[in-house]
Protein chains: 2
Amino acid sequence: MFEKVLVTEDLGSINHGIANILHERTGVKEVQQAQYCDDAYLKFRRALRDDKPFDLLITDLSFKESHRQRELVSGLQLIDAIRLIQPDIKVIIYSMEDRPAKVKSFFKEQSINGYVCKGRYGLNELVQSVGEVYHNNTFISPLLANAMNKNNVFELKDYDLLLLKHLSDGLTQEEIRMYFKRNHISPNSISSIEKRLNKLKYNFKAKNAIHLVAMTKDLGLL
Amino acid sequence: MFEKVLVTEDLGSINHGIANILHERTGVKEVQQAQYCDDAYLKFRRALRDDKPFDLLITDLSFKESHRQRELVSGLQLIDAIRLIQPDIKVIIYSMEDRPAKVKSFFKEQSINGYVCKGRYGLNELVQSVGEVYHNNTFISPLLANAMNKNNVFELKDYDLLLLKHLSDGLTQEEIRMYFKRNHISPNSISSIEKRLNKLKYNFKAKNAIHLVAMTKDLGLL
DNA sequence: AAATTATTTATGGTTTCCCGTAAATAATTA
DNA sequence: TAATTATTTACGGGAAACCATAAATAATTT
């Protein structure tokens with residue numbers, strides 16, 4: 001089982017709860033805690049330098065603002081930062097976020113090993129996930145995994161996302177065309193942009209561009 | 001000080017934490033807990049029938065789905081339901097939601113007495129809020145109150161919200177006009193709808209309708 | 001009641017979006 | 001390399017949105 005685990009989470013009570021339950025119900029030897037992403041990062045650095053690296057990170061995603069000046073303000077930033085100094089680190093996210101598209105992106109972008117949804121069964125699932133991840137499997141909260149399967153998530157390319165992003169920022173198709181041209185992103189004709197948009201509208205069953213942007217925002221894609 | 005308080009919150013650990021701290025740091029005599037809105041409602045009903053009513057409700061807003069069939073699925077529904085049988089009940093919401101517009105609406109729509117933002121100082125603020133509410137004052141988490149003040153929140157009328165809502169649902173201005181006409185909502189000419197929309201765009205500094213809808217969604221207005 | 005003011009509605013011109021078709025170019029296959 | 005197929009681009013007509021101005025109506029003031 002994992003030797004050394006760090007739990008990052010800004011609510012002290014939850015943090016403690018996790019630490020306790022990991023001690024009790026998994027064979028993890030050492031559980032450390034951090035309430036700020038910056039602290040977590042420093043602990044990782046120090047552990048690495050002392051040749052006693054962590055082998056699992058469990059982190060929340062959102063951290064409330066505070067008086068302290070912060071470098072890393074989100075769990076994702078923390079993960080990215082740690083991966084730079086310790087690429088093989090195993091990561092489990094433990095958060096409220098339950099929008100399939102978002103969670104999917106965490107596995108893709110951050111290559112996380114597990115995702116556990118905070119909620120009534122959260123702690124149980126977290127214990128499970130630690131076991132799975134230790135055996136090199138991935139873990140997703142069952143309810144969420146369910147939603148992600150049946151919900152035939154139409155696969156959005158980066159291109160589509162960028163397009164939607166710019167639309168939601170109020171750019172006209174013409175402005176988007178120019179942007180694509182400047183940045184050598186292809187296809188970049190008005191026609192192609194329209195065609196792509198039509199495909200998106202068809203897939204999401206959106207009545208028009210406004211509707212499309214509103215829907216994708218609700219789905220957490222933007 | 002309050003005699004009898006109910007805390008509704010689906011994470012057991014947090015629930016316990018709140019109960020403990022209320023016991024320790026306020027003079028509240030009796031603190032009960034509920035993990036489901038439906039349970040909370042039943043406890044209120046029973047207490048009322050037994051002539052030992054609660055005099056404060058502290059509740060979260062969002063509750064994760066579970067296996068159980070539920071009537072009331074959100075804190076807001078719970079509040080509304082309880083207000084029907086016990087109109088004078090004091091209510092404090094304790095939740096992650098930190099969008100000014102939303103919180104504002106809770107004070108307006110649900111006439112809540114306090115709003116505490118979960119976060120690093122959440123529990124401290126919660127203790128404070130109980131004191132304030134007991135003395136018939138309202139309470140809002142300082143950081144949030146701050147944001148709500150400086151953030152010159154352009155006051156949206158119901159009309160505007162409805163308009164934005166329909167826009168985000170993909171209706172054309174013409175369709176919205178017809179809807180307004182059918183439902184005797186005035187003004188209901190295309191011209192007026194455009195004018196209203198222009199005012200909204202100006203106030204939110206939105207470039208076009210898509211941008212406007214995207215922004216208001218981000219602000220939690222829709 | 002008349003005059004002033006504010007609000008709502010109407011109208012027309014311009015731009016952008018929407019949608020279909022066709023041409024041009026790129027990629028794949030025979 | 002020629003032929004086929006897929007992708008990208010161009011173009012045009014009609015609808016909706018955008019914008020400014022003017023007319024009509026409602027509300028307020030004198």
Side-chain angles (χ1 to χ4, degrees), chain A residues 152-219 221-222, chain B residues 152-219 221-222:
Chain A
N152 77 104
V153 185
F154 166 65
E155 203 54 53
L156 286 178
K157 298 190 192 359
D158 292 347
Y159 183 86
D160 298 308
L161 278 179
L162 201 54
L163 187 48
L164 288 170
K165 180 72 176 51
H166 282 149
L167 258 192
S168 78
D169 283 342
L171 302 198
T172 66
Q173 296 181 356
E174 172 61 20
E175 288 168 324
I176 296 175
R177 188 200 111 255
M178 292 192 302
Y179 172 88
F180 280 168
K181 216 145 222 166
R182 268 203 309 280
N183 295 79
H184 310 101
I185 296 169
S186 155
N188 52 35
S189 69
I190 291 269
S191 261
S192 295
I193 289 172
E194 280 183 1
K195 185 164 277 183
R196 210 62 214 145
L197 229 36
N198 277 331
K199 199 163 279 179
L200 288 169
K201 275 188 281 185
Y202 174 80
N203 276 295
F204 285 101
K205 298 178 199 1
K207 295 217 230 341
N208 55 37
I210 299 181
H211 196 196
L212 176 66
V213 167
M215 293 177 83
T216 48
K217 265 200 169 302
D218 283 337
L219 291 171
L221 297 167
L222 291 184
Chain B
N152 73 105
V153 185
F154 166 65
E155 203 54 54
L156 286 178
K157 299 192 192 0
D158 292 347
Y159 183 86
D160 298 308
L161 276 179
L162 201 55
L163 186 49
L164 287 171
K165 181 72 176 50
H166 282 149
L167 257 193
S168 78
D169 283 341
L171 302 199
T172 65
Q173 296 181 357
E174 171 62 19
E175 288 169 323
I176 297 175
R177 188 199 112 256
M178 291 192 302
Y179 171 87
F180 281 167
K181 217 145 223 165
R182 267 203 309 279
N183 294 79
H184 310 101
I185 295 169
S186 156
N188 53 36
S189 70
I190 291 271
S191 260
S192 295
I193 289 173
E194 279 184 3
K195 186 165 277 183
R196 208 65 212 141
L197 229 36
N198 276 331
K199 198 163 281 182
L200 289 169
K201 276 188 280 185
Y202 174 80
N203 275 295
F204 285 101
K205 298 178 198 3
K207 295 218 236 325
N208 55 37
I210 299 181
H211 195 197
L212 177 66
V213 167
M215 293 177 83
T216 48
K217 267 200 168 304
D218 283 336
L219 292 172
L221 297 168
L222 289 183

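Everything quoted here is computed from the prediction, not taken from an experiment. Atoms considered below: every heavy atom in the structure, side chains included; atoms not considered: hydrogens, waters and symmetry mates. Chain letters run A, B, ... following the sequence lines, proteins first, then strands; residues in each count from 1.
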Does the side-chain contact (heavy atoms from CB on, under 4.5 Å) test come out yes or no for H211(B) and V213(A), once each step is laid out?
CA-CA 9 Å; H211(B) 195 197; V213(A) 167; over 6 Å; no
Closest approach of H166(B) and F180(B), non-hydrogen atoms and distance?
ND1-CE2, 4.4 Å
Note: I176(B) and L167(B) closest approach over all heavy atoms is CD1-N, 4.0 Å
Which heavy atom of Q173(A) sits nearest to which heavy atom of I193(A), and what is that distance?
O-CD1, 3.9 Å
Whole angstrom is fine here: how far is it from CZ in F180(B) over to P in dT8(C)?
12 Å
Toward the 5' end of DNA chain C, which comes first, N198(A) or S191(B), by nearest nucleotide?
S191(B)
Return no unless some side-chain N or O of S189(A) is found under 4.0 Å from OP1 or OP2 of dT8(D).
no
What's the CG-C1' distance between L163(A) and dC17(C), to the nearest Å?
14 Å
Output the rounded distance in Å from OH (Y202(A)) to C1' (dG20(C)).
17 Å
Tell me the interatomic distance from K195(A), atom NZ, to dT21(C), atom P, rounded to whole angstroms.
12 Å
Is there a side-chain contact between D160(A) and L200(A) in this structure, where contact means two heavy atoms from C-beta onward sitting under 4.5 Å apart?
yes
K199(A) has an atom NZ; how far is it from atom P of dC19(C), in whole Å?
15 Å
How close do S168(A) and I210(B) get, counting heavy atoms only, and between which atoms?
CA-CG2, 4.0 Å
Give the C-alpha distance, both sets of side-chain angles, the deciding distance and a yes or no for side-chain contact (heavy atoms from CB on, under 4.5 Å) between D218(B) and K217(A).
CA-CA 9 Å; D218(B) 283 336; K217(A) 265 200 169 302; 3.0 Å; yes
Let me test you: for the helix from dA1(C)-dT30(D) to dA30(C)-dT1(D), what is the angle between the axes at its two ends (five pairs each), rounded to 10 degrees?
20°
Protein-nucleotides 5-7 of chain D N/O pairs under 3.5 Å:
none

Could you give the NE2-to-P distance, from H211(A) to dC18(C), as a whole number of Å?
13 Å
Measure the distance from CZ on R177(B) to C1' on dA10(C) and round it to the nearest whole Å.
12 Å
What one should report as the nearest heavy-atom pair of L171(A) and N208(B) is O-ND2, 4.4 Å
Test item: R182(A) and Y179(A) side chains (from C-beta on) under 4.5 Å apart, heavy atoms:
yes
Which atom names give the shortest non-hydrogen contact between M215(B) and A206(B), and what distance separates them?
SD-CB, 3.9 Å
Donor-acceptor under 3.5 Å (Y159(B) side chain, P187(B) main chain)
yes
Quick test: give all pairs of protein nitrogen or oxygen and nucleotides 12-17 of chain D nitrogen or oxygen below 3.5 Å, distance rounded to 0.1 Å.
residue : atom : partner : partner atom : Å
dA17(D) : OP2  : Q173(B) : N            : 3.3

Atom pair distance, as rounded to whole Å: CG in N188(A) and P in dT25(C)
15 Å
